[in-house]
Amino acid sequence: MVTITEDDDAPLAQSLEQLASEPAEDAAAMPKLEYPNASRIVRVGPKLGPDGKPHYLIDDIPDNEKMRLIRESGIMSKYTKANGTGSDVDESELQAVQGEQASDIPLWMDAIIYTVGLAAVYGLFETLVNQQYSVEIAVSELIRRMAKTLPALYAIVYFTLRFRRTRVANLVMLVGACVSGCYFIHLNLHSPRLGIMRRAPGLVTMWIYFTFLMDVRPAIINALVVGLFWLIDPFKQTI
């Protein structure tokens with residue numbers, strides 16, 4: 001840096017030229033800035049899952065742990081029903097609402113999809129049972145029988161999907177699966193041909209549906225109960 005004073009012997013023009021050339025030298029001596037590589041830039045935002053949707057850390061927490069945190073926070077005691085009764089919301093209702101919000105498909109449409117699949121399973125076993133006893137069944141008759149089961153299947157599917165997260169619903173599905181499976185085993189062991197042809201398709205359909213909808217532990221209990229029933233065979237007479 002050049003300081004110009006009155007006592008300097010150098011001319012004023014020479015001092016100005018030196019002052020003008022000094023910033024250029026300093027600029028050349030300064031280190032060059034390097035731009036970061038685009039691949040090293042960390043973008044702030046949620047991590048995307050395999051389906052392309054944002055995946056947050058709360059999604060890794062199990063549902064039972066979420067419910068424990070909600071209970072300990074005391075928010076359930078402050079949350080009231082929308083009809084203004086002022087009564088607290090039951091835990092089962094909160095779980096059902098949480099399950100409905102987590103699904104993008106409406107409940108009635110989901111029930112229709114399950115009902116169509118169960119009707120197809122019923123038609124399959126109806127055909128297999130008739131083929132087993134060498135009884136011919138027309139396609140129109142098979143479609144008519146499948147159509148007759150649609151209202152009952154839809155009602156069962158709708159209510160089981162609506163309350164599937166509650167303990168009462170899981171207990172009812174476990175009992176229904178055990179009864180359907182044991183009764184089907186009993187029909188195959190002791191019932192005449194006509195009883196098997198009329199009851200077996202519906203029992204197998206319900207047995208498959210309840211087992212599919214239950215959790216792992218109730219499904220294992222169902223398999224053990226039906227297996228023990230087949231081994232012991234406590235009822236020797238037909239029902």
Side-chain angles (χ1 to χ4, degrees), residues 62-64 67 90-93 95-100 102-103 105 107-133 142 145-239:
D63 293 338
N64 56 355
M67 293 305 304
D90 187 42
E91 178 182 352
S92 61
E93 296 180 0
Q95 289 180 345
V97 172
Q98 181 184 4
E100 289 181 358
S103 178
I105 304 177
L107 182 59
W108 62 269
M109 187 179 297
D110 205 4
I112 290 177
I113 296 174
Y114 275 87
T115 303
V116 173
L118 286 179
V121 172
Y122 176 84
L124 173 64
F125 281 100
E126 187 78 33
T127 304
L128 292 177
V129 169
N130 283 272
Q131 288 292 331
Q132 181 180 358
Y133 295 103
L142 180 62
R145 294 182 183 179
M146 292 171 58
K148 288 176 62 177
T149 62
L150 290 178
L153 289 177
Y154 182 81
I156 295 174
V157 168
Y158 183 85
F159 285 104
T160 51
L161 291 180
R162 177 66 178 84
F163 302 103
R164 63 177 297 184
R165 298 181 182 274
T166 62
R167 295 180 179 178
V168 177
N170 278 273
L171 180 60
V172 171
M173 287 189 294
L174 175 59
V175 173
C178 293
V179 171
S180 301
C182 293
Y183 193 21
F184 173 71
I185 296 297
H186 177 77
L187 287 178
N188 280 272
L189 294 177
H190 305 290
S191 181
R193 182 179 67 175
L194 182 60
I196 297 176
M197 292 177 61
R198 294 184 59 181
R199 301 170 185 173
L203 290 173
V204 175
T205 302
M206 288 294 97
W207 187 19
I208 292 175
Y209 173 69
F210 287 142
T211 306
F212 172 76
L213 208 63
M214 288 187 300
D215 294 334
V216 177
R217 286 177 292 183
I220 294 176
I221 294 174
N222 171 42
L224 292 177
V225 170
V226 176
L228 289 176
F229 185 90
W230 177 71
L231 292 175
I232 299 175
D233 189 16
F235 303 100
K236 301 300 183 180
Q237 70 276 8
T238 58
I239 297 178

Under the salt bridge (Lys or Arg N to Asp or Glu O under 4.0 Å) test, residues paired with Arg198 that sit two or more places apart: none
Residue pairs passing the salt bridge (Lys or Arg N to Asp or Glu O under 4.0 Å) test where at least one lies in residues 115-133, sequence neighbours excluded: Glu126-Arg145
Side chain Ser180, main chain Ala177, donor-acceptor under 3.5 Å: no
Nearest non-hydrogen partners of Leu142 and Gly123, listed with the distance: CD1-O, 3.7 Å
Rounded distance [0.5 Å steps], CG in Leu213 versus CG in Leu174: 12.5 Å
Pairwise distance CG(Asn170) to CZ(Phe163) - rounded to 0.5 angstrom: 13.0 Å
Within-4.5 Å side-chain heavy-atom neighbours: Thr127 and Gln131: yes
Side chains of residues 152-160: which donor-acceptor pairs under 3.5 Å do they make with residues two or more places apart or in other chains?
unit_1, atom_1, unit_2, atom_2, d
Thr160, OG1, Ile156, O, 2.7
Thr160, OG1, Val157, O, 2.9
Thr160, OG1, Tyr209, OH, 2.5

side-chain contact (heavy atoms from CB on, under 4.5 Å) partners for Ile185, two or more places apart: Leu189, Val226, Phe229, Trp230
His190 vs Asp233, side chain to side chain donor-acceptor pair (under 3.5 Å): CA-CA, chis, key distance, verdict: CA-CA 10 Å; His190 305 290; Asp233 189 16; 2.8 Å; yes
All side chain to side chain donor-acceptor pair (under 3.5 Å) counterparts of Thr211, not counting sequence neighbours: Asn222
Separation of Leu203 CG from Ile208 CD1 (nearest 0.5 Å): 11.0 Å
Contact summary for Ala200 and Val129, nearest pair of heavy atoms: CB-CG2, 4.4 Å
Non-hydrogen atoms of Tyr122 and Gly202 that approach each other most closely: CE1-N, 3.6 Å
Ile221 side, atom CD1; Arg217 side, atom CZ - distance, nearest 0.5 Å: 8.5 Å
Spacing of CE belonging to Met206 relative to CE belonging to Met173, to within rounding of 0.5 Å: 12.0 Å
Partners passing side-chain contact (heavy atoms from CB on, under 4.5 Å) against Leu128 (at least two apart in sequence or in another chain): Leu124, Phe125
Spacing of Cys182 atom SG and Ile232 atom CD1 [to the nearest 0.5 Å]: 10.0 Å
Heavy-atom side-chain contact between Leu171 and Thr166 under 4.5 Å: no
